4 protein chains.
Amino acid sequence: MNKNRLVIGETELKSRLFLGTGRYPNPYIQEKAIEASGADVLTFALRRVNLNAPNEDAILQHFEGKQFTYLPNTSGAKNAEEAIRIARLARASGLSNWIKVEISVSEKTLLPDPIETLKTTEQLANEGFVVLPYTSDDPVLCKRLEEAGAAAVMPGGSPIGTGLGILNPYNISLIVEEANVPIIVDAGLGSARDVVEAMQLGVDGVLLNTAVAKAKDPVKMAEAMKLAIEAGRLSYMAGRIAKKRYATASSGLESLTLNE
Amino acid sequence: MNKNRLVIGETELKSRLFLGTGRYPNPYIQEKAIEASGADVLTFALRRVNLNAPNEDAILQHFEGKQFTYLPNTSGAKNAEEAIRIARLARASGLSNWIKVEISVSEKTLLPDPIETLKTTEQLANEGFVVLPYTSDDPVLCKRLEEAGAAAVMPGGSPIGTGLGILNPYNISLIVEEANVPIIVDAGLGSARDVVEAMQLGVDGVLLNTAVAKAKDPVKMAEAMKLAIEAGRLSYMAGRIAKKRYATASSGLESLTLNE
Amino acid sequence: MNKNRLVIGETELKSRLFLGTGRYPNPYIQEKAIEASGADVLTFALRRVNLNAPNEDAILQHFEGKQFTYLPNTSGAKNAEEAIRIARLARASGLSNWIKVEISVSEKTLLPDPIETLKTTEQLANEGFVVLPYTSDDPVLCKRLEEAGAAAVMPGGSPIGTGLGILNPYNISLIVEEANVPIIVDAGLGSARDVVEAMQLGVDGVLLNTAVAKAKDPVKMAEAMKLAIEAGRLSYMAGRIAKKRYATASSGLESLTLNE
Amino acid sequence: MNKNRLVIGETELKSRLFLGTGRYPNPYIQEKAIEASGADVLTFALRRVNLNAPNEDAILQHFEGKQFTYLPNTSGAKNAEEAIRIARLARASGLSNWIKVEISVSEKTLLPDPIETLKTTEQLANEGFVVLPYTSDDPVLCKRLEEAGAAAVMPGGSPIGTGLGILNPYNISLIVEEANVPIIVDAGLGSARDVVEAMQLGVDGVLLNTAVAKAKDPVKMAEAMKLAIEAGRLSYMAGRIAKKRYATASSGLESLTLNE
């Protein structure tokens, strides 16, 4: 799934950066950061949107006239039933038929529940949603989610908002190796370095929120992340040198040609 | 030394990427990679240049008309005496008064000799050279090199050409903390990730050669590195979030507002 | 679950090292390694044992007269049905009512299937088995396995036989934090260092096989592992110093008392 | 230098653990911890000893009747001159002709000065001392110290008292590869895991102080460290399995032999 184009559902995305809309200091900085990031896909918790009148919602109204893909998420849901209900409400309101499945029972870690996430993914895919489940980095579970109909699979780097980066790069690379749908690393990334690392592991994109929104300068960090996505993708495609134990002279084996 | 401008000697550099000119597949790719990298400073082993007629040299002639700063290095020198002789020859030929001190006795690791490097730096600084010593990441030694007159100090991430990245990020950050001259990470970097990591540690620039020249696609890798330098610098300046052990919801503490 | 005694099911174990019986160069070395390890619990694939006459089996007969707890595993099973059948056969043959659930569909990674593992654990616990499931290091899944009736939970450090050690120490520490049953790290450990690291994360024990059986000197490695278990456990209980960024003199702040 | 016996100067040591005597809660715990550690070599700052009457000194008097090798250190010295003076005083007082060279100018990091350390080592070796210099992990510098007459070389894992462990295992392994004298990792180790890691890199011994003295239970930690030294040494000598990317079944390739 490391093709040149990134297509999810039937939508081709220009940017490989998915951005969350929560936790910015104010709507003005939020808007500027979204702009600087170059993101095509915006994600937000449905509980923050007034679904009866989404066009008037404080979060969404700034983006009028721009062509974003909205990826509402089901955060706050504690099981499949709640998540499915949220997804259906989102679609019924005309907001989007994309849904990020996010189901957690632990306030402390917000880690996703594998069983409920799989059940929800299967059900919503059957109902015609474009489903992107947030999951642990368990390679078998990620494969199961793909088989259940996920349009893309989103393993976490580390728990949401921690900034701990990719705790297990090995697992992410295994997931990429086996995948037939796009892999988007979601959660835990903290800096441009983490984003470049993800892209060099061969993932198709990255979802960020806290790392941008709570940086000291969110707009500058959004710009950094945009460049990091591109740098990481290019570095992956350019084919890095192999690691070696011992040195090799940069200047090759040429003989000394000093003219004294 | 993390100011907005990077000044070495009396030269202000626009790019924070220093690029080596050795080991490219052919002169055409070398030229394209140099262009894609955006580098201002080019480094090369003096033994590869015909000092009697530098303008006709195969390596240097491509760059006519462009404004590069040349940073010849003393690689191949096994002690201070040899290194000093190479530096004087370089300046006498009109090539440059910048010199990268590189002194090693081990063919296997090419690691720099601390004693000879310090002696050479002191001598050449006294003679008016702009001296950039390649050194281990020993923080005390780096400080000593600064005191000896180095215009910038260049600790290695790992041995030359290994692609092992920054083996000791802690030491690099200590070196940055104490420095009053620019710190350029030199040697061992293998990918865009390594470059971003270096920049996020607060270094002022990065010197690359093998990572670009021996990548499968050197020109694409040069472009990746150019973006990585910028991404890492911006991420450093934007102020990343603190790392935490436990999660924080991206969507804040807002109550659930589903309108059923 | 970091109490002083390790009790699984109703059995108190003296050793925190669980040892696999496969892949040794020969039965003599196998026996010596088991002895040197001090292990109380031995694990083996049921498919390697002749269940009609377990007492005559080549693998088990060496241990007569010693008090081992046998932990047969279901490796080779590709789903819950197969695993449950193997477990029932094991118990029916009088071998043991302990069972390590091990279900994988991937020959390449042998990683455990989360859904089938959970289903099997629940079923076998209901049937009165002492169930120890091998699982990924997904903290939510580990909790679910405990809730399903697992007597102990066995997250993998890395894939079986790889020697990659603990790829995600953070997850292991989260699992320990939340657990009400013993946590045994199973799979992927390669050396004494990995074992000590596991124990310092607070786990209750470690299961080893390849690291011992395929070491150059399996008996010596078994002895190393026995000491490593104890060293790691003691270090965990002794309460290590906090990590700090800057130095503190070992010799305190005493004034210089040289008597010249 | 990974022979079966550890000989420094002309003394054969039974234990590979060197222990510092500073920072313990009280003399009773200090004594018990020293005993539990099994250490043969004790190190301490000379400034803490009354050199006119060493036998009556509060630190040394507890060890009467036991056969320790005393390794006084020069901590507090800021240059070669001061360090040499301390060493001569120590020998003149009859305390020991062993000396740990420790010279630092930075209160913040206490990192050793490479130039002054090398100069001191050379001088004291010429005067017949058994010299053990504390140094950075710069492989070239370590080789230089050996050439200057060091009886053993002691690279730091990380700054004194930080508990950060071995920041650059690669460098330590290079140092071991090249050495013809014993290599003792000194400084920065925090737990049994760090000690085992050091030993598995092939070092000949480890010097600890803060990790033991400031643990919550220093005596228990001393015991852990004693076991860790042995576990790490055995694991190193037993020859660990190679790391692999993919799994290998512990139970081999035997066919399924279930007898239904």
Side-chain angles (χ1 to χ4, degrees), chain A residues 20 22-23 44-48 50-52 75-76 86 89 108-110 159-164 190-193 196-197 200 209-211 214-217 220-221 223-224 227-228 230-232 234-235 237-252 254 256-259, chain B residues 20 22-23 44-48 50-52 75-76 86 89 108-110 159-164 190-193 196-197 200 209-211 214-217 220-221 223-224 227-228 230-232 234-235 237-252 254 256-259:
Chain A
R23 307 192 76 202
F44 44 85
L46 264 176
R47 51 184 177 179
R48 295 173 60 228
N50 182 334
L51 288 175
N52 284 337
S75 71
I86 294 174
L89 280 166
K108 191 165 85 176
T109 67
L110 296 175
I160 293 172
T162 58
L164 295 172
S191 72
R193 193 203 80 127
V196 174
E197 180 170 28
Q200 289 187 195
N209 191 339
T210 304
K214 303 301 277 183
K216 279 193 190 129
D217 185 335
K220 191 169 278 179
M221 190 56 93
E223 196 185 341
L227 294 168
E230 293 169 24
L234 276 170
S235 184
M237 292 196 304
R240 64 159 288 158
I241 55 170
K243 295 184 183 183
K244 302 188 314 160
R245 180 160 172 85
Y246 298 116
T248 308
S250 309
S251 37
E254 299 86 341
L256 198 69
T257 61
L258 281 173
N259 301 283
Chain B
R23 306 193 77 205
F44 44 86
L46 264 176
R47 51 184 175 177
R48 295 172 59 228
N50 183 334
L51 289 173
N52 284 337
S75 70
I86 293 173
L89 279 166
K108 191 165 87 176
T109 66
L110 296 175
I160 293 172
T162 58
L164 295 173
S191 71
R193 194 203 80 126
V196 174
E197 180 169 27
Q200 290 187 193
N209 191 341
T210 304
K214 302 301 276 185
K216 281 195 188 125
D217 185 335
K220 191 169 277 179
M221 190 57 93
E223 196 185 342
L227 293 169
E230 293 169 24
L234 276 170
S235 184
M237 293 196 304
R240 64 158 289 159
I241 54 171
K243 294 185 185 185
K244 303 188 311 162
R245 179 160 172 83
Y246 298 115
T248 308
S250 309
S251 36
E254 299 86 340
L256 196 70
T257 60
L258 281 174
N259 301 284

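We name chains A, B, ... by the order of the sequence lines, and we start the count at 1 in each one. If you're wondering where the values come from, they're calculated on a predicted model, not measured in any experiment.
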* Pick from A:E197, A:K214, A:M221 with the largest number of heavy-atom pairs that fall under 4.5 Å of chain B -> A:M221
* Asked: Relative to chain A, which of B:A231, B:A238, B:A192, B:A224 shows the most heavy atom pairs under 4.5 Å?
  -> B:A238
* Asked: What part of B:Q200 lies closer than 4.5 angstrom to a heavy atom of chain A: side chain, backbone, both or neither?
  -> side chain
* **B:K108: side chain to side chain donor-acceptor pair (under 3.5 Å) partners, not counting sequence neighbours** => D:E177, D:E178
* Is there a donor-acceptor pair under 3.5 Å between the side chain of B:E230 and the backbone N or O of A:L227? -> no
* To do: Flag the one option from A:R240, A:K243, A:K216, A:R245 with the top tally of heavy-atom pairs under 4.5 Å to chain B.
  => A:R240
* What option among A:S191, A:G232, A:A242, A:A211 has the most heavy-atom pairs under 4.5 Å with chain B? -> A:S191
* To do: Drop me the distance from A:Y246's OH to B:T109's OG1, to the nearest 0.5 angstrom.
  => 9.5 Å
* Picking from A:G190, A:P159, A:G20, which has the most non-hydrogen pairs under 4.5 angstrom with chain B? -> A:G190
* **Closest non-hydrogen atom pair between A:G163 and B:I241, with its separation** => CA-CD1, 3.8 Å
* Structure fact -> Per-residue tally against chain B (heavy atom, under 4.5 Å) across A:S235, A:A228, A:A215 peaks at A:S235
